[in-house]
Amino acid sequence: MDELMAQRLAKLDQLRAMGIDPYPPRATRTHTAAEVTALVEASDPVQTDTHLAPVDVAGRVVARRDMGKATFVDLLDGTGRIQVLLRQNQLGDVAYEALRLIDLGDFIGVHGEPMRTRTGQPTVGAATWTMLAKALHAPPEKYHGLADMELRQRLRYLDLMANEDTRRNFTVRSRVVSGIRRFLDGRGFMEVETPILQEAAGGAAARPFVTHFNALDEDRFLRISLELHLKRLVVGGFDRVYEMGRIFRNEGLGFKYNPEFTMLETYEAYADYNHVARMVETMVSTVAEEALGTMTCSFRGNEINLAPPWERITFHDALRHYGQLDLDGFPTAERLRPELERRGLEVAPAAGFGKLVDEAMSHYVEPNLIQPTFLLDYPVELSPLAKRKPGSPHLVERFEAFIGGFEAGNAYTELNDPVDQRARFEEQLALRAAGDDEVELVDDDFLFALEHGMPPTGGFGMGIDRLLMVLTGQPTIREVILFPQLRSLKD
RNA sequence: GGGCCCGUAGCUCAGCGGUAGAGCAGUGGACUUUUAAUCCAUUGGUCGUGGGUUCGAAUCCCCCCGGGCCUACCA
């Protein structure tokens with residue numbers, strides 16, 4: 001039925017008949033592909049008879065060019081490609097004939113001298129070869145790679161095998177994540193882990209996933225943010241904490257949405273949102289420089305420069321500037337809604353002032369914030385966990401960071417007044433009663449913690465996946481998540 | 001959830017009422033410095049699934065399955 005697989009299974013049998021284990025438990029490798037290339041580059045660049053000491057390389061067979069009594073094979077390992085040259089007079093007739101049993105996708109090891117070919121290509125001239133692991137399926141097409149989006153996501157290993165860009169994106173992701181940890185650790189932050197299964201999912205306005213804890217016969221919610229637990233730790237006396245971990249929101253899929261995504265949150269006692277802004281622009285630009293070698297990147301047709309300082313503009317000024325909308329003239333939901341409707345914006349009937357303002361901002365301001373920008377001082381209705389701005393009781397000390405036209409981070413001077421916090425939760429409750437089901441829930445346990453005193457604190461949150469979209473220049477979040485959510489396949 | 005588009009060989013794609021095609025991969029052959037190797041020959045298909053229209057369906061219509069883009073809610 002599956003003829004290609006049957007052929008490969010037959011080759012397995014032939015290998016075993018020759019006394020060769022097609023899946024040996026160990027491999028010998030003295031050099032990676034990159035190391036051999038460097039070794040050859042560092043030696044006499046002219047092709048000569050000078051002999052370098054033999055090396056052992058190992059990798060997946062990704063290309064094969066059979067020339068009769070000489071065969072070229074390209075091996076791919078974690079560091080890149082290396083060409084090997086297998087010649088009948090070097091290997092002997094039996095070992096050379098056995099090359100028939102090597103297919104694309106197999107892992108082999110080669111022992112031989114590093115050399116250059118006539119064209120100067122660094123190559124290992126094989127003295128012997130070893131089967132390391134036989135593949136039973138053919139790899140994707142060598143030139144076009146794996147292009148089908150669905151296959152690339154469902155069979156990510158094939159995507160990684162075939163497409164160098166994919167390998168690069170996830171390599172960058174790894175470097176960015178470790179770079180962020182290094183940056184924060186270097187500033188005296190302590191990494192902590194807080195519960196994913198929670199009795200109440202708070203800290204953000206989003207629908208949670210629900211699961212059930214059998215032993216206690218109680219429902220649990222998967223966390224939708226990290227905020228409330230991290231602040232409890234600040235109450236407890238950990239001055240600088242952060243967590244980078246998966247959070248879950250029971251919402252739709254889209255080019256910038258995956259229901260599980262990685263969130264970074266930091267909390268720094270004795271800092272405010274101005275401190276945080278300086279830290280964020282320094283952190284993102286530093287990490288970009290480390291991971292990409294540059295502070296500029298290309299995203300959705302724009303060249304983005306991440307070098308600090310980033311642009312700063314207040315929420316009010318931005319709406320005035322980009323939307324010709326002056327909130328001073330529309331201070332309540334009752335006044336603002338008809339104005340937005342007059343302008344042709346669609347707004348939910350249950351939307352309170354906060355949601356209306358947010359809608360206006362998303363429509364007029366957000367798409368214009370291509371270069372990194374801090375949008376400062378949000379309306380209090382939109383930010384139930386942020387501290388009010390002195391002298392402006394309707395504003396809070398909050399910023400969102402925008403890059404490439406969408407939100408990449410969110411920060412505030414944390415609300416540490418437990419009485420005000422309780423009042424804000426209750427305002428959210430009123431919104432819920434009015435029909436908005438995506439609001440902050442009252443969290444009495446968190447309030448009890450705040451009542452014990454939390455120092456003035458600057459907090460920050462950032463979607464790592466979205467940052468990665470910008471840094472790698474990928475147009476969809478699925479390109480920076482190894483295994484994005486997909487509908488399950490039914491027979 | 002709504003709109004538009006896509007599903008053909010292991011992979012990348014043509015074909016869009018009249019005998020199912022190409023390139024790569026595979027198989028056999030030639031070739032000891034190639035590198036998208038080249039050259040000769042050749043195997044391989046329930047055309048996503050199920051129904052319908054038709055003398056005849058990969059092609060037209062409908063249902064379903066999966067995916068992509070746009071759109072709405074959420075970061």
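Quick note on labels: first sequence line is chain A, next is B, and so on, each numbered from 1. Predicted model, so just to flag it, every value in this text is computed and none were measured.
- F406(A) comes within 4.0 angstrom of nothing in the nucleic acid, heavy atoms only.
- Remark: Q83(A) is not in phosphate contact with U33(B), judged by side-chain N or O atoms under 4.0 Å from OP1 or OP2.
- A sub-4.0 Å separation between OP1 or OP2 of G68(B) and a side-chain N or O of R154(A) is absent.
- Side-chain nitrogen and oxygen atoms of R64(A) include none within less than 4.0 Å of the OP1 or OP2 phosphate oxygen of A37(B).
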Revision key, fill the gap. With sugar-phosphate taken as primed atoms, P, OP1 and OP2 and all else as base, the protein-contact string of nucleotides 8-13 of chain B at under 4.0 Å (heavy atoms; B, S, -) is --BBSS
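- Within the nucleic acid shown, Q88(A) has no heavy atom closer than 4.0 Å to any nucleic acid atom.
- At least one test fails for R312(A) against the ring of F374(A): distance under 6.0 Å to the centre or angle within 45° of the axis.
- Within residues 467-476 of chain A, the residues that place at least one heavy atom under 4.0 Å from RNA chain B are, in residue-number order, T476(A).
- At distances below 3.5 Å, at least one donor-acceptor pair connects side-chain atoms of R167(A) with backbone N or O atoms of M161(A).
- Phosphate proximity of A36(B) to R81(A): absent, as no side-chain N or O sits under 4.0 Å from OP1 or OP2.
- Within 4.0 Å of N250(A), counting heavy atoms only, lies no atom of the nucleic acid at all.
- For the P atom pair drawn from U59(B) and G15(B), the interatomic distance equals 15 Å after rounding to whole Å.
- For K142(A) and A37(B), the shortest distance from a side-chain N or O to OP1 or OP2 is below 4.0 Å.
- Residue K11(A) places at least one side-chain N or O closer than 4.0 Å to OP1 or OP2 of U27(B).
- Contact annotation: R65(A) side-chain N/O to U34(B) OP1/OP2 distance is not under 4.0 Å.
- Counting any heavy atom pair closer than 4.0 Å across all strands shown, R8(A) reaches no nucleic acid atom.
- OP1 or OP2 of C74(B) sits under 4.0 Å from a side-chain N or O of K355(A).
- Ring orientation note: the planes of F209(A) and F248(A) are nearly perpendicular, at an angle over 60° on the 30°/60° scale.
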